[in-house]
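This report concerns only the one structure given below.
Throughout, protein chains are lettered first and strands after them, A, B, ... in sequence-line order, and every chain is numbered starting at 1.
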Amino acid sequence: MQGQVRVRFAPSPTGYPHLGNIRTALFNWLFARHTKGVFILRIEDTDQARKVEGATEIIMESLKWLGLDWDEGPYFQSQRLDMYRRYAEELVNEGKAYWCFCSSERLDKMRQDQMARKLPTGYDRHCRNLAQEQVQATKSSGTVPVVRFKSPLEGQTTVEDLIRGEVIFANSTLDDFVLLKSDGYPTYHLANIVDDHYMDISHVMRAEEWLSSTPRHVLLYRAFGWQPPQFAHLPMILGPDKSKLSKRHGATAINEYQDQGYLPEAMINFLALLGWSLDDKTEIMTVEEIVKNFSIERVSKTAAVFNIAKLEWMNGMYIRALGTQEFSDRSLPFVERALPPAVKRPIDAGYLEQIAPLVQERAKTLSEVPSLVDFFFTSTVEYDRELLWGKLDSKQASDILGKSIAALEKTLAWDAEQLEAAIRPLTEELGFKAGPFFGVLRVAITGRTASPPLFQTMEVLGRELCLARLAAASDMLKA
RNA sequence: GGCGCAUUCGUCUAGGGGUUUAGGACGCUGCCCUCUCAAGGCAGAGAUCACCGGUUCGAAUCCGGUAUGCGCUACCA
């Protein structure tokens, strides 16, 4: 299939995928979907030492959560060891690579030395020209070698980058990097090139940190006689201190955002805008719109600082756009998980749905919902009695409560309209403004000074609970 | 130290030589709405487009240099 776009997301399972990784996955996916191409998932598990148990599963779950479905894979490099070894040996046989027996001690010392003398660091090519017999002898003595690539000593290598243009590297700055490690695993460089070629990858879209090693990759393609794919190095995502985003910056793993109640659709929208833009004004977009409009030409060159305040805003926008039922359903697991243990389970979904419209526009994340709705579920509410009167005094609060209880006891239809009709006239009667007056009732009923509108809250809470809480407040003032 | 990339409001960004008194968004401030908190509406502050030279009638936009930031510099990816 000539001309078809084939891209891949190739994470290494050395940890949970963070925002930067996922943004890379997203851009690849967007490009594939936009071009009706193929999106491939490949797990680059060639580092046995840093491998993290369960990371592959989390990677796949995260992609699924966001709706980034892949068409092929997951492929695992650890299952293709023979192939990499074969290609490494092929290069050795052709004189384009060589066996290196240098111990890590020697390498360390060499590096220390170079740094101390302020010289560029890099392998000193000690084993580059070993005689055939020497290689055989050392091998049979039991020393396990690595395979190193024979980088050209002079000339330059040009990388064509779709985002950055032509980037030129002097070959003298490239050392003889390792292709095959002594444990039989390939390095990233080898496995990556072999796989990208073998999988017929048309575009390599990855983070900018890879730009420096791209000339090595170009050289490798050339050594194999293969056509390199097109490269596009994406701008990096930075923490507030402008350094590469990492665990140091707090929550960076994508699944933490899921736990914190961010919606996948908001996450996609936000991440898409980190390094890409549609125009000078459009920000809220559906995935379909993003897919339709995505292009590498509009990817920016400059690194972006991850701005969580804007993510929160955007998530709030998406939450408010949800239907009540949808919002309620998606909040349920969070409520189930975070409400006090005393609240009986399972949580009444129907009741939650009644509450939902009252809190929906007040939540920036789903994980805030439990703390917004808890007083609807507990039998009583707790608060400091001073809260009850606020700027008034306890005597006034006591009057307000007494009169309100009396009026409410006579109210038969317990809906917001009737409740307001019963209470509001009292404010004038007793000479208070509505604010402070309702404030007393609000604290008595919800236990807090900020809540959804009073009468709607009372309607949902029901006559019995409301009267009980008002009575409790009244008693509290007498005590 | 070497190599590479980048540089527009605090942050995300628009801008591809004259339409720019540099536009939008988040955040911030104020006002309106209002029973509180939100949401919403309106207004405002906030960028000598890193700096210095050059090209041009004209530069945020093109070209050099400098500075700063970041990345890479592993038998990690």
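B:C42 and B:U34 have their C1' atoms separated by 16 Å, given to the nearest Å. For the C1' atoms, the distance linking B:A59 with B:G53 amounts to 14 Å, nearest Å. Between B:A45 and B:G27, the two C1' atoms lie 13 Å apart (nearest whole Å). Across B:C76 and B:C51, the matching C1' atoms stand 38 Å from one another, rounded to whole Å.
Closest to the side chain of A:Arg442, out of B:C35, B:C37, B:C5, is B:C35. Among the nucleotides B:C72, B:A14, B:U36, the one closest to the side chain of A:Arg298 is B:A14. Of the listed nucleotides (B:U13, B:G2, B:G23), B:U13 has the atom at the smallest distance from the side chain of A:Ala304. Taking only side-chain atoms of A:Glu208, from C-beta outward, the nucleotide of B:C70, B:A77, B:C5 with the closest atom is B:C5. Distances were taken from every side-chain heavy atom of A:Asn307 (C-beta onward) to each of B:C72, B:C70, B:G10; the shortest belongs to B:G10.
Partner assigned to B:U56 is none, using Watson-Crick or G-U wobble distances below 3.5 angstrom. Under the Watson-Crick and G-U wobble criteria, each requiring two contacts below 3.5 Å, nucleotide B:A6 is paired to B:U68. Base pairing of B:U34: no nucleotide in any strand meets the Watson-Crick or G-U wobble criterion (both distances under 3.5 Å). Across all strands shown, B:U29 forms a Watson-Crick or G-U wobble pair, both distances under 3.5 Å, with B:A43. In a base pair of the Watson-Crick type (N1 to N3 plus N6-O4 or O6-N4) or a G-U wobble (N1-O2 and O6-N3), with each distance short of 3.5 Å, B:U19 is matched with no nucleotide. With a 3.5 Å ceiling on both atom-pair distances, B:U48 lacks any Watson-Crick or G-U wobble partner.
Using a 4.0 Å heavy-atom cutoff across all strands shown, A:Leu273 reaches sugar-phosphate atoms only and no base atom. Residue-level contact check: A:Arg448 touches neither bases nor backbone, having no heavy atom under 4.0 Å from any strand. Nucleic acid contact class of A:Phe169 (heavy atoms, under 4.0 Å, all strands): sugar-phosphate only. Residue contacts for A:Pro145: at a heavy-atom cut-off of 4.0 Å it reaches no nucleic acid atom on any strand shown. Note on A:Val146: a base of the nucleic acid sits closer than 4.0 angstrom, heavy atoms only. Nucleic acid contact class of A:Pro235 (heavy atoms, under 4.0 Å, all strands): none.
The aromatic rings of A:Trp210 and A:His217 sit tilted relative to each other, their planes meeting at an angle between 30° and 60°.
For A:Lys242 and B:G71, the shortest distance from a side-chain N or O to OP1 or OP2 is not below 4.0 Å. A sub-4.0 Å separation between OP1 or OP2 of B:G4 and a side-chain N or O of A:Arg164 is absent. Considering only side-chain N and O atoms, A:Thr427 lies nowhere under 4.0 angstrom from the phosphate OP1 or OP2 of B:C35. Of the side-chain N and O atoms in A:Lys51, none sit less than 4.0 angstrom from OP1 or OP2 of B:C76.
Residues A:His197 and A:Tyr221 keep their aromatic ring centres 6.0 Å or farther apart.
Cation-pi geometry between A:Arg42 and A:Phe76 is not met at under 6.0 angstrom from the ring centre and within 45 degrees of the axis. Cation-pi contact between A:Lys364 and A:Trp313: absent, since separation from the ring centre below 6.0 Å together with deviation from the ring axis within 45° is not met. For the pair A:Arg23 and A:Phe27, the cation-pi criterion (under 6.0 Å, within 45° of the ring axis) is fulfilled.
Residue-environment remark: CD (A:Glu57) exceeds the threshold of 12 foreign heavy atoms within 6.0 Å.
Classification of B:G54 as anti follows from a glycosidic angle more than 90° from 0.
Applying the 3.5 Å distance criterion, the base of B:C75 shares a donor-acceptor pair with the side chain of A:Ser182.
Contact annotation: the side chain of A:Leu179 approaches that of A:Leu220 to within less than 4.5 Å [non-hydrogen atoms, C-beta and beyond].
The distance between atom CG of A:Asp280 and atom P of B:U13, rounded to the nearest whole Å, is 15 Å.
Comparing A:Ala10 and A:Lys118, the nucleotide of RNA chain B nearest to each residue sits closer to the 5' end for A:Lys118.
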